[in-house]
Amino acid sequence: MGRSFRYLLAATTSSNLADGMLLTGAPLLAITLTRDPTLVSLVGVATTLPWLLLALHAGAVADRADRRRIMVITSFVRAAALAATAAAVAMDVLSLPVLLAILLVAGACEVFNDTSAQSVLPMTVGKESLGRANGRIVAVQTIGNSFVGGPLAALLVGVAPMAVFGAPALLYTAAGLFLLGMRGAFAPAKVSTAPLRADIATGLRYLVRHRPVRDLAIGAGVMNMCSSAYFAVFVLWAVGEGSAIGMTTGQYGVVMAVLAVGAIAGSLLANRLTVVFGEGRTLVTLWTVNSLMLLLPVVSPTLPAVYVTGALLGATSAAGNVLVVSLRQRIIPEELLGRVNSAYRLIGMGGQPLGAALGGVVGGLAGLPVVFVGAVAMCLAVMPLVARALAHKAVPVAV
């Protein structure tokens with residue numbers, strides 16, 4: 001793993017630290033503006049809606065242009081948007097609509113950045129190194145998102161709320177600078193000259209016709225939609241005097257750190273688990289345990305239960321992510337990787353805004369436990385489809 005991968009890893013670390021601060025800081029700031037479950041859930045909608053609207057276009061662009069350049073531009077755009085938001089906080093003019101607008105901008109940049117990042121990684125390492133490279137990427141993503149970014153944002157919300165946006169602005173700037181240090185060509189060798197709509201259709205056809213990738217996308221989509229519904233309102237269950245658990249924002253940040261510890265372990269152990277138990281059995285087990293653990297804070301709304309849940313959620317999510325991303329990178333041809341990845345993530349993540357909105361509505365009408373139990377039931381219902389996808393003969397064996 002040479003220079004380009006090291007700079008990509010550094011950029012990923014910096015940008016995901018910023019992502020983590022936003023992921024935790026935005027809902028915590030939102031509940032200082034409103035305690036309405038429906039309005040709070042709009043934070044999750046704004047963060048994930050761009051995947052539904054832009055994923056296919058991002059994939060087509062990633063298969064036509066220099067993927068590193070896309071990542072540099074989106075890093076700097078996010079930095080500028082969040083710097084403006086930090087100024088709004090400093091002037092005490094931040095409102096929920098302003099917060100949602102900035103999250104939409106940041107989310108749109110994330111779609112193009114992440115689609116390009118998953119497509120550029122195989123251009124920095126050989127296929128035999130994809131598992132190890134993805135393990136390291138997921139590990140630093142976890143460190144940034146949860147181990148450092150989440151707790152830091154939880155601390156800053158009560159101490160220096162302006163820094164919840166100011167610090168990510170600096171981190172996205174650093175990520176863009178790291179990406180400029182990569183050397184080599186990062187545009188696909190075969191670039192389509194067809195209209196953009198035709199390129200998008202090509203990626204969709206591949207996904208629809210490739211049964212294992214399609215079924216994995218459907219399984220991931222259901223799970224992510226349910227997870228989005230769950231966590232869109234979980235902060236109301238966990239944080240504040242009127243919540244079931246009664247956590248402080250600082251304790252909520254500690255949960256993010258615990259989740260990160262589990263995720264780091266899971267991302268680094270994913271390949272070893274595959275060697276011992278096989279790829280299909282490992283992934284189905286990881287996702288099943290992940291779904292069941294969501295029940296623990298509901299049946300036992302205590303701090304220890306939340307910490308245990310966080311550790312196991314982190315481990316199973318990260319390990320599963322390593323396996324699925326590596327599998328897609330092995331299967332999908334390089335010149336189609338951006339488009340098929342984006343089509344996959346449209347299905348896999350496009351339901352998140354719907355899930356977040358549904359979680360808020362159902363939570364307001366029927367109560368938060370109904371959201372939590374319903375989300376787990378739907379996750380478990382999709383496991384047979386995932387198992388069937390991984391048992392298909394078109395799935396290559398991991399090396």
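All values below were derived from every heavy atom in this structure, side-chain atoms included, with hydrogens, water molecules and symmetry-related copies excluded.
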**Request:** Sequence neighbours left out, what passes side chain to side chain donor-acceptor pair (under 3.5 Å) with Ser317? Give chain and number order.
**Result:** Asn290

**Asked** Considering residues, nucleotides and ligands other than Arg209, do more than 12 of their heavy atoms fall under 6.0 Å from its CZ?
**Response** no

**Fill in**
From the list Ile102, Leu171, Asp19, Val105, side-chain contact (heavy atoms from CB on, under 4.5 Å) partner of Arg78 resolves to Asp19

**Complete:** From the list Arg328, Arg330, Gln329, side-chain contact (heavy atoms from CB on, under 4.5 Å) with Ile332 holds only for Arg328

**Item:** Candidates Val324, Thr316, Leu380 - the one meeting side-chain contact (heavy atoms from CB on, under 4.5 Å) with Trp287
**Value:** Val324

**Message:** Using modelled atom types and a 3.5 Å cut-off, is there a donor and acceptor pairing between side-chain atoms of Ser228 and backbone atoms of Asn224?
**Reply:** no

**Message:** Give me the atom names and distance for the closest heavy-atom approach of Leu179 to Met71.
**Reply:** CD1-CB, 3.5 Å

**Prompt:** Can you check whether Arg339's main-chain N or O pairs, donor with acceptor, with Asp63's side chain at less than 3.5 Å?
**Reply:** yes

**Message:** Walk me through whether Leu9 and Val140 qualify under side chain to side chain contact (heavy atoms under 4.5 Å, CB included).
**Reply:** CA-CA 8 Å; Leu9 190 66; Val140 300; 3.6 Å; yes

**Request:** Quick one: do Met182 and Thr124 satisfy side chain to side chain contact (heavy atoms under 4.5 Å, CB included)? Show the steps, please.
**Result:** CA-CA 9 Å; Met182 296 173 66; Thr124 66; 4.0 Å; yes

**Asked** How many angstroms lie between OG1 in Thr248 and CG in Leu303, if you round to the nearest 0.5 Å?
**Response** 8.0 Å

**Prompt:** What is the minimum heavy-atom distance between Ala46 and Leu104, and which atoms define it?
**Reply:** O-CD2, 3.5 Å

**Met223 and Val386: CA distance, side-chain angles, deciding distance, side chain to side chain contact (heavy atoms under 4.5 Å, CB included) verdict** = CA-CA 11 Å; Met223 291 188 66; Val386 175; 5.6 Å; no

**Prompt:** Quick check: are there more than 12 heavy atoms from other residues, nucleotides or ligands sitting under 6.0 Å from CE of Met162?
**Reply:** no

**Request:** For Ser267 and Ile264, indicate whether the former's side chain and the latter's backbone hold a donor-acceptor pair under 3.5 Å.
**Result:** yes

**Message:** With a 3.5 Å distance limit and no angle check, can you tell me whether Arg183 reaches the backbone of Leu180 through a side-chain donor-acceptor pair?
**Reply:** yes

**Asked** Where does the angle between the aromatic ring planes of Phe372 and Phe234 fall among parallel (under 30°), tilted (30 to 60°) and perpendicular (over 60°)?
**Response** perpendicular

**Request:** List the steps, then state whether side chain to side chain contact (heavy atoms under 4.5 Å, CB included) holds for Tyr230 with Val298.
**Result:** CA-CA 11 Å; Tyr230 186 102; Val298 182; 4.2 Å; yes

**Message:** If I compare all heavy atoms of Asn341 with all of Ser119, which pair ends up nearest, and what's the gap?
**Reply:** ND2-OG, 4.2 Å

**Minimum heavy-atom distance Leu52-Leu346, with the two atoms named** = O-CD1, 3.4 Å

**Asked** In terms of heavy-atom contacts, does CZ of Arg214 have more than 12 from other residues, nucleotides or ligands at under 6.0 Å?
**Response** yes

